[in-house]
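Here is the naming used below: chain letters follow the sequence lines, and residue numbers restart at 1 for every chain. Atoms considered below: every heavy atom in the structure, side chains included; atoms not considered: hydrogens, waters and symmetry mates. In this text, all values refer to a predicted model and were calculated from it rather than measured experimentally.
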Amino acid sequence: MADNLFQEDSQTVADRLAAEALIVDVDGFEGPLDLLLTLSRTQKVDLRKISVLALARQYLAFVERAKALRLELAADYLVMAAWLAFLKSRLLLPPDPTEDGPSGEELAAHLAFQLERLQAMRDAAARLMGRDRLGRDFFARGQTHEVTRVRRLRYSATLLDLMQGYARIRTRDDFRPFVMDRDAVFTMEQALERMRGLIGYSGGWTDISTYLPEGWSGDPVRRRSATASTFAASLELVKEGRLEIRQAENFAPIELRKRDQKRD
Amino acid sequence: MTDPIDPQTESLFDAPPMAEQERMIEAILFATAEPITLRELEARLPHGCDPGEALAHLRRRYDGRGVQVMKVGDAWALRTAPDLGFLMHRETVETRKLSRAAIETLAIIAYHQPVTRAEIEEIRGVAVSRGTVDQLLEMEWIRFGRRKMTPGRPVTFVVTQGFLDHFGLESARDLPGLKELRSAGLLENRPPPGSMPRLVEDAPEDESDEGQSELFED
Amino acid sequence: MTDPIDPQTESLFDAPPMAEQERMIEAILFATAEPITLRELEARLPHGCDPGEALAHLRRRYDGRGVQVMKVGDAWALRTAPDLGFLMHRETVETRKLSRAAIETLAIIAYHQPVTRAEIEEIRGVAVSRGTVDQLLEMEWIRFGRRKMTPGRPVTFVVTQGFLDHFGLESARDLPGLKELRSAGLLENRPPPGSMPRLVEDAPEDESDEGQSELFED
């Protein structure tokens with residue numbers, strides 16, 4: 001490929017320069033429509049009076065030159081070239097009455113419309129960017145005073161919510177009036193019973209938490225209930241003279257020891 | 001847009017007219033993030049301007065307006081008029097539905113007041129979280145009643161006047177009983193298997209009378 | 001200082017006098033850099049105020065001043081007069097340099113809105129890169145409009161209040177040359193006749209629609 005590129009001796013230097021100028025530009029084009037718009041400028045006429053036939057010739061010549069230089073053109077440039085070749089033949093040949101579809105003139109008109117519309121958008125974009133702009137020509141307040149938002153929560157409940165809530169509880173009672181859901185409550189009675197059984201085995205000072213029943217230390221609600229009842233039961237046992245209790249300082253662990261009955 | 005005097009068309013040596021200087025200072029004070037000193041103003045204005053005089057004009061112009069020209073140290077700034085500060089606070093009220101636990105606890109307190117926490121737990125069948133009670137206390141829908149004359153003298157809860165106002169009740173006795181709830185279709189109409197459910201009106205507890213009367217003491 | 005009327009002392013049912021409403025709006029607009037909608041103003045003013053009328057008064061008052069009351073879509077903002085920009089070198093914000101593709105895409109969205117990605121590509125004759133759209137979205141100059149009621153229900157793009165604010169436009173109807181472009185038929189979305197190649201590779205409508213919806217799923 002590279003070799004071939006340097007063997008284009010048949011071309012004059014001027015030809016090559018002209019071709020290369022366009023090729024270098026190819027990168028700068030945003031697609032075939034943009035290239036067509038640029039080519040149309042060489043006609044120096046109102047876009048509405050543009051000769052689409054001439055434009056098609058220019059475009060095809062451009063593609064030929066690019067091919068001659070073995071330049072790979074993107075597919076859409078080639079699709080456009082094929083279509084323009086078709087359009088050119090339509091514009092040049094007398095219309096075939098058996099053929100359906102739009103006439104060459106209609107197709108040319110639409111292409112001219114597309115070019116004009118693209119040019120109009122470019123002009124509009126330029127005008128837009130040339131306007132007085134915020135932060136460049138006019139300015140917003142520099143020293144803003146933020147609004148202090150005071151958020152207030154309000155809870156709502158209707159009388160119906162209340163009654164339904166109550167009804168929910170009472171109907172549950174209808175079916176098991178005296179069975180309470182006390183899964184999460186470890187009563188003082190339970191704790192006392194448990195402690196009475198356990199204290200016989202403890203010799204030295206032991207952290208009260210070791211007396212918590214199994215399965216009650218995970219869930220915070222259950223742990224709280226078990227801790228409270230175990231503590232209350234311990235106090236009860238201290239009162240009975242069967243246990244000693246101590247705490248080194250605030251929030252330090254509470255420790256228990258079996259009271260030596262003999263020393264009493 | 002207006003048609004202001006273009007400073008470029010002015011003679012190179014003449015300062016812009018005072019009205020124009022005032023406009024310039026107004027724009028600068030508006031757009032700067034910091035208060036600005038006279039010296040800085042002078043540096044930013046076209047040559048020959050008198051920012052002191054222009055400021056005096058501007059200050060007079062804003063006299064009594066919603067925004068005022070104020071001196072901050074030795075600098076100048078535009079500030080909201082002090083009496084309009086209240087416009088800079090925006091209170092947003094968010095309404096949230098009360099949790100089921102809170103509604104049930106509230107309902108029990110309303111129907112059984114005065115009621116202790118242990119009693120609420122017994123009726124609901126689950127422990128009452130501290131947060132639920134605190135929330136209801138904070139909303140001022142419940143308050144502490146008198147202590148119960150039982151061992152440990154536990155505190156009781158009663159509903160407040162605010163509660164009655166919110167629910168459009170004249171008294172806690174206006175709360176419908178179970179019979180009415182049932183006839184209103186709020187309860188499934190099933191014959192209770194054991195004892196009739198306790199109705200508020202005929203609640204056997206001696207405290208209930210006491211509680212209601214307590215409610216209307218204050 | 002002046003002795004403004006304290007709105008607290010007003011009757012609960014009377015709105016403050018118009019002059020006072022004007023002061024309040026002045027203070028609110030001065031306090032912020034963002035445009036504020038009429039609705040927001042109404043919410044922040046005492047009950048019964050007429051921000052629309054007060055704004056009209058305020059706008060007249062600032063006519064020709066160094067600061068102006070500008071309408072931005074359905075919102076209002078105070079901005080310095082554009083002719084005084086030369087004084088604000090220090091406040092000038094460097095705007096990100098937009099690519100030619102981004103500028104053209106922005107103009108097409110502004111003039112053709114609501115417009116689909118496929119329509120933008122049709123006008124420009126090339127695929128619109130995702131980065132271009134992302135950049136414009138990020139700058140908050142464009143946003144998604146409602147979906148088009150065509151097969152595939154593609155999303156559309158429209159310009160934002162931020163766009164209007166940046167370019168000093170009251171509404172998208174005030175875009176320069178809009179009327180002329182419309183009467184010249186250049187804002188029409190004319191379908192290409194028959195065999196014409198779609199200039200964008202992914203030709204058929206439904207495919208490109210699919211691409212778009214995919215892009216905006218999140």
Side-chain angles (χ1 to χ4, degrees), chain B residues 1-10 16 19-34 36 40-46 49 51 54-55 57-70 77-93, chain C residues 1-9 16 19-33 36 40-41 43-46 49 51 54 57-70 77-93 168-170 174:
Chain B
M1 293 299 121
T2 54
D3 185 17
I5 300 134
D6 185 351
Q8 313 301 340
T9 63
E10 297 285 304
E20 190 58 16
Q21 294 186 31
E22 199 191 316
R23 278 184 84 226
M24 293 175 174
I25 285 188
E26 186 179 31
I28 293 173
L29 287 184
F30 175 85
T32 49
E34 301 289 323
I36 189 164
E40 283 175 288
L41 276 174
E42 200 166 354
R44 288 179 70 166
L45 291 173
C49 283
L55 251 173
H57 285 293
L58 191 69
R59 200 177 191 187
R60 230 169 293 136
R61 185 183 291 271
Y62 275 98
D63 197 28
R65 308 285 324 138
V67 170
Q68 303 188 344
V69 180
M70 296 214 195
L78 283 166
R79 292 275 161 88
T80 306
D83 66 301
L84 297 179
F86 73 96
L87 290 169
M88 302 303 146
H89 296 275
R90 200 170 352 176
E91 192 174 80
T92 51
V93 180
Chain C
M1 289 302 121
T2 54
D3 185 17
I5 299 136
D6 184 351
Q8 313 299 340
T9 64
E20 188 59 16
Q21 294 186 30
E22 198 192 316
R23 281 186 80 227
M24 290 176 175
I25 285 188
E26 188 179 30
I28 293 173
L29 290 185
F30 249 93
T32 169
I36 298 186
E40 237 181 308
L41 280 174
R44 287 178 62 179
L45 291 175
C49 284
H57 287 292
L58 192 70
R59 199 178 198 185
R60 233 170 292 134
R61 184 182 293 273
Y62 276 93
D63 198 27
R65 311 279 326 133
V67 171
Q68 305 190 338
V69 180
M70 307 250 264
L78 286 171
R79 300 286 180 248
T80 61
D83 68 298
L84 298 178
F86 71 97
L87 291 168
M88 310 293 174
H89 295 304
R90 216 168 306 174
E91 278 71 39
T92 302
V93 206
L169 293 161
E170 281 202 12
D174 298 323

> For B:Leu58, is it the side chain, the backbone, both, or neither that has a heavy atom closer than 4.5 Å to a heavy atom of chain C?
Replying inline: side chain
> For the residue pair C:Ala27 and B:Gly66, what are the closest heavy atoms and their distance?
Replying inline: CB-O, 3.5 Å
> Parallel, tilted or perpendicular: which describes the rings of C:Phe30 and B:Phe30, with under 30° parallel and over 60° perpendicular?
Replying inline: perpendicular
> Given side chains that start at C-beta, do those of B:Glu26 and C:Thr80 come closer than 4.5 Å, heavy atoms only?
Replying inline: no
>> Does any backbone or side-chain atom of B:Arg61 lie under 4.5 Å from a heavy atom of chain C? Answer side chain, backbone, both or neither.
In response: side chain
> Using non-hydrogen atoms only, which part of C:Leu78 is less than 4.5 Å away from chain B: side chain, backbone, both, or neither?
Replying inline: both
>> Would the distance check show the side chain of C:Arg44 and the main-chain N or O of B:Leu87 forming a donor-acceptor pair, the cut-off being under 3.5 Å?
In response: yes
> How close do C:Met88 and B:Ile28 get, heavy atom to heavy atom, and via which atoms?
Replying inline: CE-N, 3.7 Å
>> Is any side-chain heavy atom of B:Asp83 closer than 4.5 Å to one of C:Glu20?
In response: yes
> If every non-hydrogen atom of B:Gly64 is compared with every non-hydrogen atom of C:Arg23, which pair is closest and at what distance?
Replying inline: O-NE, 2.9 Å
